[in-house]
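Here the structure comes first, spelled out in structure tokens, and everything after it is commentary.
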Amino acid sequence: MKRFLVAATTMGLIVGSAFASAAQPVVATWSTTVTVATPGAGVDLNDPGVAVSSDGKRQPVVWARTTGSEYRIQFTASADRGATWTAPFDIESSSEVLRNPSVVTSQDGQRTTVGYVGYAGGIRETRIRQFNGSAWGAMKRLSADGVNVAEFPRLAATPSGSRVLVAWSETSGGLKAAVVDDGVPVSTPISSSVSQEDSAPVISADGATLALVWSSGSGEILARTSTDGAATWGTTKTLMTSATEELRNLAASISADGSRIVATWQQGDSIRASYTSDNGQTWSDPAVLGQQAGFSVGQITGSDSGDRFAVAWTAANAKGNRSVQVARTSDGGLTWARTEVSPDDVNADIPLLASSTNGKRLTVTWVQPYGTERAFVAANSADAGQSWSSPTTVEAVLGEYGSITSAAKGDPTLVFQTATGTIAAASAAVTTVPGPPQAVAASGTTISWTPPVDDGGAAVTEYTVSAGSATCSTSGLACALTLPPGSYAVTVTARNAIGTGPASAPITVSIPAPAPTPKTQVVKKPPSKLKKGKKAKLAAKTSAGVKIAWKSTTKKKCAVKKGKVVAKKKGKCKLSAKAPAVRGYAAVSKKFVVKIR
């Protein structure tokens, strides 16, 4: 049985399509493939699934192990980004069939839920088992006694991992859901009409908004939402009705606050999507995202904020080959654009998609021919799908495609079956240029800032400040520009090993012209000699026409009266002359000596 991830969190008009470009540099450094489990003689390992903590360190993996007479659902985990793994642990072992495991985990990777199908007396049951951070709880059967379920239980969990939504369909046509709170499940019938295996559960970050989107099996895409933590469920909403086209490959995504939910599906030979922005009360008319060809599965990712979403599938290209298409929106689904990601000269199938929580960093994988074998290939985007890296071969000889998921910053993890039957994992560190520096400010010509919110996955090594043709660079958080008088739009960029990122929002810095050098006021000198008892007239104004204040500092020798100096006694008469500054002239202060004889 093949295995794939339906990722989680709206829809509008396709406004254009383009081939992949290289607008924003992005580098994905993939680890060497690590063997997670080895089958041994007479043992088959199938259906690998993976989840990841927000920091990417903890990675739980599940798979089905089968021998001729024994069945197991097995589990392993890594706490070091996939470098090492624990010994396989049996979630359950039985002489009856166990298959189709799925796994979800909390942001910290401590709370994990595994869902799967187990047989009891030939009846297929939906089962789960949970790890609470310290120990595994007992297996819990969610489906009703004696009721056959379809093959795939679908799981969605809150960031805390304490609330899990599990959905499954019954072979009789019913759709059921169970909300599991801290290990206690409460099941609810959702619909009496469902296409087996075509349902998608989503849950908001706080667990208050839960939604299920499904195909009725009779030409309808339907949805039902709860906004009170599954205490009650709203009425069923119809997203699409088609009497002639098959509706399948359903996937859904939800924003962190639960207000915006997106559903995408294949309708005949096209990929369509619809969204709600009011917690599932109303849904948009479906948008056609593109035509479909080849083998695809429902794939959608979205940002926590509910503005960025991406959908992946395969379509026939101009050369007649099947190519991977990714449609993207950055305005909450109002407009969409499409990019062809895979090379146009190969046939690509089964695209799998994963995203960072902000929706900017995307990884898409696909299967393509590699000689007589099949290769697992990946490409990455750091600008929400506008441009993509060149493809990288993650596994040259693939046995069975598997699952993909991403950490919060967009570093992806893949699990898959190799050609030799082992379960293997590979992770990548995705790096790109830094984001714009923040909080740019000026104090004169000294510019300061704070680091980018996102360093691109590699340390910032240099900042550059630009103001017109003037620049300065530093590894610190402040830099002084040399600027002539004028007004400048000042920006700051950050650089790391990948390259230089986008500039900060500009700030305006004004450098005033320097004040002109004031002229010197001239004071006419008094006479250098004066006879005792005589008087001499002193200058009344400076050369600038400013009144002069005269003063004697040797009052026994001389005095200043009515604009004249009066000689009183032989010796040195010391005078001071002062005048204030006026427009264009500096203040003046002079000292003179008059010899009294």
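Quick note: residue numbers are just sequence positions, from 1.
Centroid-to-centroid, the aromatic rings of Trp366 and Phe376 stay 6.0 Å apart or farther. In summary, the aromatic rings of Tyr275 and Trp283 are positioned with their centroids too far apart to meet the 6.0 Å limit. Trp136 has its ring centre less than 6.0 Å from the ring centre of Phe75.
Between the side chain of Ser255 and the backbone N or O of Arg260, at least one donor-acceptor pair lies under 3.5 Å. Not one N or O on the side chain of Thr393 forms a donor-acceptor pair closer than 3.5 Å with the backbone of Val377. In this structure, the side chain of Asn321 does not engage the main chain of Ala316 through any donor-acceptor pair within 3.5 Å. Looking only at distances, a side-chain donor or acceptor of Asn279 sits under 3.5 Å from a matching main-chain atom of Gly258. In this structure, Thr276 contributes its side chain and Asp278 its backbone to a donor-acceptor pair below 3.5 Å. Judged by distance alone, with hydrogens and angles left aside, the side-chain atoms of Thr339 form no donor-acceptor pair with the main-chain N or O of Val341 at under 3.5 Å. Arg58 places no side-chain N or O within donor-acceptor distance of the main-chain N or O of Val52, the cut-off being under 3.5 Å. The main-chain N or O of Thr432 is found under 3.5 Å from a side-chain atom of Asn496 such that the two form a donor-acceptor pair. With hydrogens and angles ignored, the 3.5 Å screen pairs no side-chain donor or acceptor of Ser448 with any backbone N or O of Ala478. A donor-acceptor contact shorter than 3.5 Å links the side chain of Ser389 to the backbone of Asn380.
There is a side-chain donor-acceptor pair under 3.5 Å between Asn249 and Gln266. Of the N and O atoms on the side chains of Ser323 and Asp344, not one donor lies less than 3.5 Å from an acceptor on the other residue. With hydrogens and angles left out, the side-chain atoms of Thr227 and Thr209 include no donor and acceptor closer than 3.5 Å. A donor atom on one side chain and an acceptor atom on the other are found under 3.5 Å apart for Thr413 and Gln59. Side-chain atoms of Arg154 and Ser102 include no donor-acceptor pair closer than 3.5 Å. No hydrogens or angles considered: nothing links the side chains of Arg81 and Ser427 as a donor-acceptor pair under 3.5 Å. Side-chain contact annotation: Ser504 with Gln438, donor-acceptor N/O pair under 3.5 Å absent.
Taking both residues in full, the closest heavy atoms of Thr33 and Ala424 are given as CG2-CB, 3.4 Å, listed atom of the first, atom of the second, then distance. In plain terms, the two heavy atoms of Ile447 and Ala442 that are nearest each other are CD1-CB, 3.7 Å. In this structure, Asp383 and Ser387 approach most closely via the heavy-atom pair OD2-OG, 2.5 Å. Residue Gly476 comes nearest to Trp449 through the heavy atom pair O-CZ2, 3.4 Å, listed as atom of the first residue, atom of the second, then distance. Nearest approach of Ala310 to Val326, heavy atoms of both residues: CB-CG1, 4.2 Å. Between Ala205 and Pro159, the shortest heavy-atom contact is O-CD, 3.2 Å.
Counting heavy atoms from C-beta outward, Val262 and Ile300 have side chains that approach closer than 4.5 Å. Residues Val180 and Arg163 form no side-chain contact, since every pair of their non-hydrogen atoms from C-beta on lies 4.5 Å or further apart. In this structure, the side chains of Phe309 and Ser330 stay at 4.5 Å or more apart for every pair of heavy atoms. Within the 4.5 Å cutoff, the side chain of Arg308 has heavy atoms near those of the Lys360 side chain. Side-chain atoms of Leu165 and Thr158, non-hydrogen and from C-beta on, never get closer than 4.5 Å to each other. Considering only heavy atoms from C-beta on, Glu462 stays 4.5 Å or farther from Ser475 through its side chain. Taking 4.5 Å as the limit, every side-chain heavy atom of Asp80 sits out of range of all side-chain heavy atoms of Trp85. Counting heavy atoms from C-beta on, the side chains of Ser356 and Lys409 never come closer than 4.5 Å.
Distance check: Thr392 OG1 to Trp30 CH2 gives 8.0 Å after rounding to the nearest 0.5 Å. Glu395 contributes atom CD, which lies 6.0 Å from atom OG1 of Thr418 (distance to the nearest 0.5 angstrom). Thr301 OG1 to Leu352 CG: the interatomic distance, rounded to the nearest 0.5 Å, is 12.0 Å. One distance of note links CD of Gln291 with CH2 of Trp313; it measures 9.5 Å at 0.5 Å rounding. Atom CH2 of residue Trp63 and atom CD of residue Gln74 lie 5.5 Å apart, to the nearest 0.5 angstrom. Interatomic distance, CG of Asp411 versus NZ of Lys57, reported as 12.5 Å (0.5 Å rounding).
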- Task: Take Thr491 and Ser466 through the test side-chain hydrogen bond (donor to acceptor under 3.5 Å, both in side chains) and record every step on the way to the result.
- Result: CA-CA 5 Å; Thr491 59; Ser466 300; 4.7 Å; no
With side-chain contact (heavy atoms from CB on, under 4.5 Å) as the test, would you mind laying out the steps for Ser487 and Thr508 before giving the verdict? CA-CA 7 Å; Ser487 182; Thr508 299; 3.5 Å; yes
- Task: Could you walk me through whether Thr474 and Cys479 pass the side-chain contact (heavy atoms from CB on, under 4.5 Å) test, one step at a time?
- Result: CA-CA 7 Å; Thr474 179; Cys479 195; 4.0 Å; yes
inquiry  = For Trp336 and Val311: C-alpha separation, side-chain torsions, deciding distance, then whether side-chain contact (heavy atoms from CB on, under 4.5 Å) applies.
reply    = CA-CA 10 Å; Trp336 287 80; Val311 178; 4.1 Å; yes
Review point. Can you check side-chain contact (heavy atoms from CB on, under 4.5 Å) on Ser355 and Ser406, steps first, answer last?
Key: CA-CA 6 Å; Ser355 169; Ser406 281; 5.9 Å; no
* Residue pair Ser473, Thr464: steps toward the side-chain hydrogen bond (donor to acceptor under 3.5 Å, both in side chains) verdict -> CA-CA 4 Å; Ser473 297; Thr464 297; 3.0 Å; yes
Verdict with supporting geometry, Arg495 and Thr500, side-chain hydrogen bond (donor to acceptor under 3.5 Å, both in side chains)
CA-CA 4 Å; Arg495 181 177 180 82; Thr500 299; 2.9 Å; yes
